[in-house]
Amino acid sequence: MTVTDATVRLLAAKELGLVSGNESLSAGDDAKLDEYFDGVRAWLIEEGLCYWATDTVPEAAKLPLAQILASQAAEHFGRGQGAEAPYTLGAQGFAALERHCSKRSAREPVPTDYF
């Protein structure tokens, strides 16, 4: 099962305390999170931790990705390092995404080269 990028952005907004419950994200905040999302996704592709296509985030990667996104955008939304209540779950999300990708690659067949 997969979720959309918008779902991950909304979850990141909840992580940062921008919205709660069934509230919707304002257009301005959604646009700003989308900018961060594109950068985070590009970075994770470079790190080998993003194997899915746009708008097809695996359910297992949803929360770790939202935590990483929230961590990267935290400064913009007043939850950076110097804030009264800084957002600190980015490293936890990154570690969880690494574990997810490691387990996934461990189940893939290894091609055999015959000499």
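Computed from a prediction, not measured in an experiment: that's the story for all the values here.
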*Under the 3.5 angstrom rule, does the side chain of K62 hit a backbone N or O of V8 as a donor-acceptor pair?*
no
*Show the numbers, then the answer: is there a side-chain contact (heavy atoms from CB on, under 4.5 Å) between L69 and E15?*
CA-CA 9 Å; L69 176 59; E15 286 282 317; over 6 Å; no
_Stepwise side-chain contact (heavy atoms from CB on, under 4.5 Å) test for S26 and D29_ = CA-CA 5 Å; S26 74; D29 288 346; 3.3 Å; yes
*Treat each ILVMFWY residue as a node, draw an edge where side-chain heavy atoms are under 4.5 Å apart, and state whether L89 and V40 are in one component.*
yes
*Look at atom CD of Q81 and say whether more than 12 heavy atoms of other residues, nucleotides or ligands are closer to it than 6.0 Å.*
no
*Specify the closest pair of heavy atoms between R9 and D34, including all atoms of both residues, with the distance to one decimal.*
NH1-OD1, 3.2 Å
_What I'd like to find out is whether the side chain of W52 reaches to under 4.5 Å of the side chain of T2, using heavy atoms alone._
no
_What verdict does the side-chain contact (heavy atoms from CB on, under 4.5 Å) test give for Y87 and Q67, after you've listed the backbone C-alpha separation in whole Å, the side-chain angles of each residue and the deciding distance to 0.1 Å?_
CA-CA 9 Å; Y87 185 79; Q67 289 173 329; 3.4 Å; yes
*Can you check whether L44 reaches L65 side chain to side chain, under 4.5 Å on heavy atoms?*
yes
*Would you call the rings of Y36 and H76 parallel, tilted or perpendicular, where under 30° means parallel and over 60° means perpendicular?*
tilted
*Please tell me if the side chains of P58 and Y51 come closer than 4.5 Å, counting only heavy atoms from C-beta onward.*
yes
_Within-4.5 Å side-chain heavy-atom neighbours: F77 and K32_ = yes
*Would a 4.5 Å heavy-atom cut-off, applied to side chains only, mark E98 and L49 as touching?*
yes
*Are T4 and V57 close enough that some pair of their side-chain heavy atoms sits under 4.5 Å apart?*
no
*Are R41 and C50 close enough that some pair of their side-chain heavy atoms sits under 4.5 Å apart?*
yes
